[in-house]
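See below for the structure under consideration.
So that the names make sense, note that chain A is the first sequence line, chain B the second, and so on, each numbered from 1.
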4 protein chains.
Amino acid sequence: MAAILEATAQVLESEGYERTTTSRIAERAGVSVGSLYQYFPTKDALVAELVERHFDEVSSRMLGTLAELGEASAEAAVEVIVEAIVDLHRPHPVRHGAFNELLLRMDGLELLDRFGAHVEAAVAEVLAQRREPLGLADPELSAQVLCRAVSGLVRTTLRRDPERFADPAFQRELARLIHRYLL
Amino acid sequence: MAAILEATAQVLESEGYERTTTSRIAERAGVSVGSLYQYFPTKDALVAELVERHFDEVSSRMLGTLAELGEASAEAAVEVIVEAIVDLHRPHPVRHGAFNELLLRMDGLELLDRFGAHVEAAVAEVLAQRREPLGLADPELSAQVLCRAVSGLVRTTLRRDPERFADPAFQRELARLIHRYLL
Amino acid sequence: MAAILEATAQVLESEGYERTTTSRIAERAGVSVGSLYQYFPTKDALVAELVERHFDEVSSRMLGTLAELGEASAEAAVEVIVEAIVDLHRPHPVRHGAFNELLLRMDGLELLDRFGAHVEAAVAEVLAQRREPLGLADPELSAQVLCRAVSGLVRTTLRRDPERFADPAFQRELARLIHRYLL
Amino acid sequence: MAAILEATAQVLESEGYERTTTSRIAERAGVSVGSLYQYFPTKDALVAELVERHFDEVSSRMLGTLAELGEASAEAAVEVIVEAIVDLHRPHPVRHGAFNELLLRMDGLELLDRFGAHVEAAVAEVLAQRREPLGLADPELSAQVLCRAVSGLVRTTLRRDPERFADPAFQRELARLIHRYLL
DNA sequence: CATGAATGAGACTTCATTCAT
DNA sequence: TATGAATGAAGTCTCATTCAT
């Protein structure tokens, strides 16, 4: 079952969604289509499970990072967060890009929205705790704007210049974007 | 032909890409499949044409706005740009979202990249002209970061809360994101 | 109308049957599809007319040659016939080949059979007139065998080495085939 | 798979090429279109396979017969060959006719030419061995002429009077054609 | 009469899913 | 439980033919 999920990820990453068929997945996983359907009722369920796991991990890592910020200074906090984002995407930038694309094909995009909402809420909470020093009128709105801007930047860069993530200049600008927005 | 393009946009908007078939398009356009193929050699060509037109318009409107900034103050310039972005997306927010999704399905994403690179270059130029007062070390990088962050914010909001575009608070935050990033 | 028939022949010759469409024919003829259907009720009717004309000409030329043999010696007669066959195919060998292929696509092959039967009958008559000197038991059967063998040789050569028709060695062998068979 | 090939042959034989569709084949074979495409990548590949098998058999049987001629007298050799030709076509004359038609539709006719060239070469070899007693100037040319004439006769007869193959008179004339041509 | 845009039946092919072995 | 051949709905595209202009 893990093999099937991994095979799906690989096929998705190397062939693209359109060319990702159940037979190809089974072949890559070294099992038969039949076995695939023993574990997943549907192709969509398989893909959904994969995407869910992916974003659960992304989500929990970001949430973990946010939880550990504690009383850190704004500057330090931003630095930690940027580092987390970079560490998260550096190992498999292309695969992350593929999963982001994937989300858009899934009905209703509930998954992405669920994940996005989750992270946005966590960020909102962090911002609410620092409301006064930052002078934020509406921490929830700020969290939304910030999360969407940052993830858009990450997503596009992932797709257009994946290697950019290793560039300190890029990381500096990412930190600047966050830091300045929050003043 | 215009009817076919419009029908394609409608089907895409209401049914999503996966359910957008040539027959459905033809039906919605009130013509037969044959007619569709009289004007477009391929389903992909049809969609590509549609997307191209859409982003040509978006692109040219944004480029026009940038060209008119002239010597305006940074504050005024940001205000004008935000207004342009909002005006651009307010009329058909859902459709804009659909087109953004669509881009990701097209081979190589050349179109989006072409469009994105185009706008990024124009923004880089504007920033380069104001390099000193803004204290920008690398206007090109700043343009990339800014464009990707802003379009990510716009894209996600388009999908999750399209009506948000009418909210002055959102517009204020968008302006703030840009303004603060550039100092 | 002549233009349409000629265009059909050209398209058939250059593109092959599978790629011969009514639009291509109309385009080559410099008219519209509509005009084409003004003169021919059906694509098949158009092709049939073309084939009919072609074989009417072939047929009548061969029949004319046979009629002129008169009392000529067997040797002279064979020489005249071979010359006629060669003269008939030399100008447009490829087109003749195309028409032969074409025949096989037409329903029931009535046309080819009608033409073939016609020529076979004429040859049978000539052979019947010379029954005794040639020592023929069944001139009708001999005519069939001879005609089918000769036209098979011509057909295959037309397709595989069209230029062969100009080769005197080939012509000699063709004459030999006929002459020897009849003793 | 054998069932599919057999069904294809049957449909081809009874309906003609134009009316031979993948669905009809599948239906006749008692399977679904899907199964058909499990074994053959393309309709053309299926037909090609069928034709190839057919002509491989025809070819190898004729080649075998030629190889067994040994030192037999010319008369005996001709008799053996005619018998082989007749035995080959008598069981399914109509199907043989259908396959001959079929060849002409296949791209480039490579198959027929390959088969034809093969047999012509074998015949040329046999003739070359008997060059002197037969007084042949150019055994290769003679082989070509002979093969094309004979196969033309066979083909046409197959199509117009298939039952003729059982007639001793026809067989006598076929032998005569060959024998006399070679003197 | 000519035109050519429109039509739509139907061909080929794919692939998610099932089920007998 | 695993297998993978079989299924068939559905999609894309072609082209002979029609008919309003």
Side-chain angles (χ1 to χ4, degrees), chain A residues 1 3-4 8 11 15 17-27 29-47, chain B residues 1 3-4 11 15 17-27 29-47, chain C residues 1 3-4 8 11 15 17-27 29-47, chain D residues 1 3-4 17-27 29-47:
Chain A
M1 179 157 167
I4 293 170
T8 307
V11 174
E15 310 266 349
Y17 185 81
E18 223 77 357
R19 310 201 66 76
T20 298
T21 65
T22 49
S23 338
R24 245 184 278 260
I25 292 171
E27 188 188 25
V31 301
S32 67
V33 247
S35 298
L36 190 154
Y37 279 91
Q38 208 118 43
Y39 295 109
F40 303 95
T42 273
K43 185 196 180 188
D44 284 357
L46 164 56
V47 173
Chain B
M1 180 157 167
I4 293 170
V11 175
E15 309 266 349
Y17 185 82
E18 225 76 357
R19 310 202 64 75
T20 298
T21 66
T22 48
S23 344
R24 248 184 278 263
I25 292 170
E27 190 188 21
V31 302
S32 67
V33 244
S35 297
L36 189 156
Y37 281 92
Q38 200 131 42
Y39 294 106
F40 303 95
T42 273
K43 184 196 176 187
D44 283 358
L46 164 56
V47 172
Chain C
M1 178 156 168
I4 293 170
T8 306
V11 174
E15 310 266 349
Y17 186 81
E18 224 77 356
R19 312 201 64 78
T20 298
T21 65
T22 49
S23 338
R24 245 184 278 262
I25 292 170
E27 188 189 25
V31 302
S32 67
V33 245
S35 298
L36 189 155
Y37 279 91
Q38 207 117 43
Y39 294 108
F40 302 95
T42 273
K43 184 195 180 188
D44 283 358
L46 163 56
V47 173
Chain D
M1 180 160 167
I4 293 170
Y17 186 82
E18 224 75 357
R19 309 202 65 77
T20 298
T21 67
T22 48
S23 345
R24 247 183 279 263
I25 292 171
E27 188 186 24
V31 301
S32 67
V33 243
S35 296
L36 189 155
Y37 281 92
Q38 200 133 42
Y39 295 107
F40 303 95
T42 274
K43 184 195 177 188
D44 283 359
L46 164 56
V47 173

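For the pair L46(A) CG and dT17(E) P, the computed distance is 10 Å after rounding to whole Å. If you take CE of M1(B) and P of dA6(E), they are 11 Å apart, rounded to a whole angstrom. Atom-to-atom, CD of E18(B) to C1' of dA10(F) comes out at 13 Å; the value is rounded to the nearest Å. Per the geometry, CD1 belonging to I4(B) stands 10 Å off C1' belonging to dA6(E), to the nearest Å. The distance between atom CZ of F40(B) and atom C1' of dT14(F), rounded to the nearest whole Å, is 18 Å. Atom CG of L36(D) and atom P of dA5(F) are 15 Å apart (whole Å). Here the P atom of nucleotide dG4(E) and the CD1 atom of I25(C) are 17 Å apart, to the nearest Å. Atom OH in Y17(A) sits roughly 12 Å away from atom P in dC15(E) (whole-Å rounding).
Mapping Y37(C) and G34(D) onto DNA chain F by nearest heavy atom places G34(D) closer to the 5' end of the strand. Each of Q38(D) and R24(B) has a nearest nucleotide on DNA chain F; the 5'-most of these lies closest to Q38(D). When each of V33(B) and K43(D) is assigned the nucleotide of DNA chain E bearing its nearest heavy atom, the one mapping closer to the 5' terminus is V33(B).
Between S35(B) and dA5(E) there is no side-chain polar atom (N or O) within less than 4.0 angstrom of OP1 or OP2. For the OP1/OP2 pair of dT17(F) and a distance below 4.0 Å, the side-chain nitrogens and oxygens of T22(C) include no atom meeting the criterion. For dG11(F), neither phosphate oxygen OP1 nor OP2 lies less than 4.0 angstrom from any side-chain nitrogen or oxygen of S23(B). The phosphate of dT3(E) (OP1 or OP2) has a side-chain N or O of S32(C) nearer than 4.0 angstrom.
Between V11(C) and R19(C) the shortest heavy-atom distance is CG1-O, 4.4 Å. When every heavy atom of T22(A) is checked against every heavy atom of L36(A), the shortest pair comes out as O-CD1, 3.7 Å. Smallest separation of non-hydrogen atoms from I4(D) and I25(D): O-CG2, 4.1 Å. The two residues M1(B) and Y39(B) come nearest to each other via the heavy atoms SD-CD2, 3.9 Å. What you find for S32(A) and A26(A) is that their closest heavy atoms are C-CB, 3.7 Å. Smallest separation of non-hydrogen atoms from A3(C) and A29(C): O-CB, 3.9 Å.
Partners of T21(D) by side-chain contact (heavy atoms from CB on, under 4.5 Å), not counting sequence neighbours, listed by chain and number: S23(D), R24(D).
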### Message
Pairs counted only when both distances fall under 3.5 Å, Watson-Crick or G-U: show me the 5' to 3' dot-bracket for DNA chain F, [ ] for pseudoknotted crossings and | for other-strand partners.
### Response
.||||||||||||||||||||
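Y39(B) comes within contact range of the sugar-phosphate backbone alone, with a heavy-atom separation under 4.0 Å but no base atom that close. Residue contacts shown for R19(B) are absent, as no nucleic acid heavy atom lies under 4.0 Å away. As judged by a 4.0 angstrom heavy-atom cut-off over every strand, T21(B) is placed among residues touching the sugar-phosphate backbone only.
The OH atom of Y17(A) lies 5.0 Å from the CD atom of E18(B); values are rounded to the nearest 0.5 Å.
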